[in-house]
Amino acid sequence: MIAGSRVIDFHGHVGRWDGTGMRDDPDEMLRAMDAVGIDQSCLFNIFHPDGRTGNDLTARFVKRHPARFIGFAYVSPLMPETMAPELERAVDHLGMRAIKIYPSYTPFPLDNPVWDPVYDFAHRRGLVIITHTGIEPTTAPRFLSQVAPRFPGARFVAGHAGNVEPFRSQAIRAAQACPNVYLETCSSFRSPGVVEELVRKAGAERVLYGSDTPLMDPRCQIGKILTADISDVAKRQVLGENASRLLGI
Amino acid sequence: MTTLNFRARVPVFDANIGVGHLRNRASPFESPEQLLREMDRHGVARALIYHLEGEAMSALEGNERLLSWVEGQSALHPQWVADPTPDSLAQLQQLHRPGQLTSVRLHNTRECGLPFVDWIYGDLLEWLAAERIPLWLSLADTPAVEARETLRRFPDLVTVLLGAHYAHSLIVGPLLRQLPQAHLELSRYEGLGKIPPLIREFGIRRLVYGSFYPRYAMGPMLFSLHHLGLETSDLELLCSGNLDRILKEGEDR
């Protein structure tokens with residue numbers, strides 16, 4: 001909690017990425033969360049295209065600290081036949097609360113119909129999909145402006161909010177145009193004024209704090225919100241109120 | 001306890017702030033007063049500033065423009081940029097005579113298409129080492145292999161390595177081991193749990209806080225360092241004491 005408000009980190013990973021030093025040590029992750037008042041972190045494993053392998057690892061990780069970690073399901077159109085059944089298994093049997101997709105690991109842009117089974121599943125179930133957005137050709141946030149209106153029951157979160165210009169502006173335009181598009185803040189590009197811009201242009205109720213833990217330290221990423229020149233009311237929304245509402249927790 | 005608003009609780013001397021516009025990017029602030037307001041918002045008392053024009057266009061002209069930023073500003077300390085041209089070295093030597101030179105920052109080697117090797121930068125590095133003037137060198141722009149090979153030839157040269165990213169996680173430790181005179185500036189080094197092992201192995205004295213403003217927001221890394229669980233005395237060294245010492249050692253030459 002920060003100043004009486006629940007804090008939810010909307011973007012985190014399970015798994016190792018040794019070349020960057022990333023290691024999913026729960027003790028280290030909890031220590032960082034506790035140091036700044038983060039109540040819960042949303043986690044997913046994006047390293048296995050079958051979905052099942054990574055989702056099982058995520059479920060096992062979350063089970064160790066179920067009050068602190070929230071699992072999201074991952075599927076990939078590299079193995080399209082697995083997507084719908086794995087989503088059902090992950091949500092209905094593993095207790096995953098939302099869906100993560102990562103088009104950078106595929107040749108398919110976000111508006112390619114190969115993703116439709118994921119979008120349709122989220123639409124029917126009223127779930128959140130968080131997708132990586134940024135400079136990669138498959139992840140341009142402008143695609144969300146086309147996809148989100150087709151699946152109004154789903155809520156789409158632009159991870160990294162496009163990361164850098166001109167993709168950040170695309171993400172903001174998508175949020176302005178589509179009531180079911182949200183913007184998440186983590187990025188190793190910590191450009192000044194970005195959080196302020198997202199809140200000003202998309203509205204504080206559409207912005208979510210995320211950190212990319214354990215790739216990045218949630219302390220530094222939450223520092224972006226707490227040192228931003230926005231109101232305390234907006235900070236509370238970004239830090240956790242919006243995430244609580246989206247996840248129904 | 002974390003609150004919704006943050007100001008530093010120890011004295012802060014930022015080791016890495018660029019001023020002025022880049023040819024391809026306008027700065028969010030245009031005057032010392034605007035910069036000082038942003039510093040004050042986060043509780044940053046002093047900053048070491050260089051002119052961004054020096055990074056890739058002209059160290060000489062960037063340094064000339066820097067003068068107007070520091071004149072009459074006790075909170076803003078000049079850092080002069082160097083490139084390998086004879087004009088640049090001559091300018092630094094001229095600035096050095098009245099004692100205006102406490103540190104030098106190398107221009108952007110990558111953007112200028114130059115390898116960081118002693119047969120290009122040797123005259124500059126030799127002079128800096130002889131005069132005990134510390135050098136700021138960006139790991140974001142200079143390959144670690146070149147940094148290691150070249151700086152090893154100048155063992156007396158004190159350096160501050162800037163811009164290490166989480167992608168440098170496997171490089172930073174070995175590099176600090178190879179270069180005992182090197183310090184690490186922390187603006188971009190935000191991999192989870194990466195700073196405490198550096199403190200344990202190398203000591204707090206080898207680390208320096210910088211913000212990399214205005215490329216990066218000024219507050220987040222400062223906030224993060226305040227929440228690492230450090231003793232106040234160590235936090236003070238990290239946020240200002242180490243930089244003061246590095247610059248002072250140059251002054252005491």
Next item on the list: Would you verify whether the NZ or CZ of A/Arg206 falls within 45 degrees of the ring axis of A/Tyr182 while also being under 6.0 Å from that six-membered ring's centre?
Entry: yes
Item checked: From B/Thr150, B/Leu151, B/Thr159, B/Val160, residue fulfilling side chain to side chain contact (heavy atoms under 4.5 Å, CB included) relative to B/Leu137 -> B/Leu151
Margin query: Quick check on A/Ser191 against chain B: is it the side chain, the backbone, both or neither that has a heavy atom closer than 4.5 Å?
Written below: both
Check: Would you say B/Glu53's side chain and B/Gly62's backbone share a donor-acceptor pair under 3.5 angstrom?
Finding: no
Margin query: Out of B/His42, B/Arg41, B/Arg7, B/Arg188, return the one with the most heavy atom pairs under 4.5 angstrom to chain A.
Written below: B/Arg41
Note to self: Counting heavy-atom pairs closer than 4.5 Å to chain A, which one of B/Gly191, B/Pro214, B/Pro220 comes out on top?
What the structure shows: B/Pro220
Next item on the list: Please state whether the side chain, the backbone, both or neither of B/Tyr216 comes within less than 4.5 Å of a heavy atom of chain A.
Entry: both
Check: Given a strict heavy-atom distance threshold of 4.5 Å, which part of B/Phe212 is in contact with chain A: side chain, backbone, both, or neither?
Finding: neither
Margin query: Using the rule salt bridge (Lys or Arg N to Asp or Glu O under 4.0 Å), only one of A/Asp27, A/Asp34, A/Asp9, A/Asp39 pairs with A/Arg68; which is it?
Written below: A/Asp34
Next item on the list: Answer yes if the side chains of B/His107 and B/Glu55 hold a donor-acceptor pair under 3.5 Å, and no otherwise.
Entry: no
Note to self: Tell me whether A/Arg6 at atom CZ has more than 12 heavy atoms from other residues, nucleotides or ligands lying less than 6.0 Å away.
What the structure shows: yes
Check: Have A/His132 and A/Glu136 got a donor and an acceptor in their side chains that come within less than 3.5 Å?
Finding: yes
Next item on the list: Pick one of side chain, backbone, both or neither for B/His165, based on which atoms fall under 4.5 Å of a heavy atom in chain A.
Entry: side chain
Check: For A/Glu165, is it the side chain, the backbone, both, or neither that has a heavy atom closer than 4.5 Å to a heavy atom of chain B?
Finding: neither
Notebook entry, point to check: Which residue out of B/Ala167, B/Ser211, B/Ser169 racks up the most heavy-atom pairs below 4.5 Å with chain A?
Noted result: B/Ser169
Note to self: What's the separation between atom CZ in A/Phe69 and atom CE in A/Met29, rounded to the nearest 0.5 Å?
What the structure shows: 4.5 Å
Next item on the list: Below 4.5 Å from any heavy atom of chain B, which atoms of A/Asp18 appear? Answer side chain, backbone, both or neither.
Entry: backbone
Notebook entry, point to check: Looking at A/Gly37, A/Ala32, A/Ala228, A/Pro214, which has the largest count of heavy-atom pairs under 4.5 Å with chain B?
Noted result: A/Pro214
Note to self: If I measure from the heavy atoms of chain B, does A/Ile225 come under 4.5 Å with its side chain, its backbone, both, or neither?
What the structure shows: neither
Item checked: Contact winner vs chain B - A/Gly223, A/Cys220, A/Gly21, heavy-atom pairs under 4.5 Å -> A/Cys220
Notebook entry, point to check: Taking every heavy-atom pair that is under 4.5 Å apart, which of A/Thr227, A/Val195, A/Val7 has the most such pairs with chain B?
Noted result: A/Thr227
Notebook entry, point to check: When heavy-atom pairs shorter than 4.5 Å are enumerated against chain B, which of A/Arg219, A/Arg190, A/Arg31, A/Lys224 gives the highest number?
Noted result: A/Arg190
Note to self: A quick test of your reading: do over 12 heavy atoms of other residues, nucleotides or ligands sit less than 6.0 Å from CD1 of A/Ile135?
What the structure shows: no
Item checked: Derivation of the side-chain hydrogen bond (donor to acceptor under 3.5 Å, both in side chains) call for B/Arg206 and B/Asn242 -> CA-CA 8 Å; B/Arg206 299 280 296 275; B/Asn242 291 339; over 6 Å; no
Next item on the list: Could you check which of A/Arg236, A/Lys235, A/Arg23, A/Met22 has the highest count of heavy-atom pairs closer than 4.5 Å to chain B?
Entry: A/Lys235
Checklist line | Region of B/Leu228 in contact with chain A, defined by heavy-atom distances below 4.5 Å | finding: both
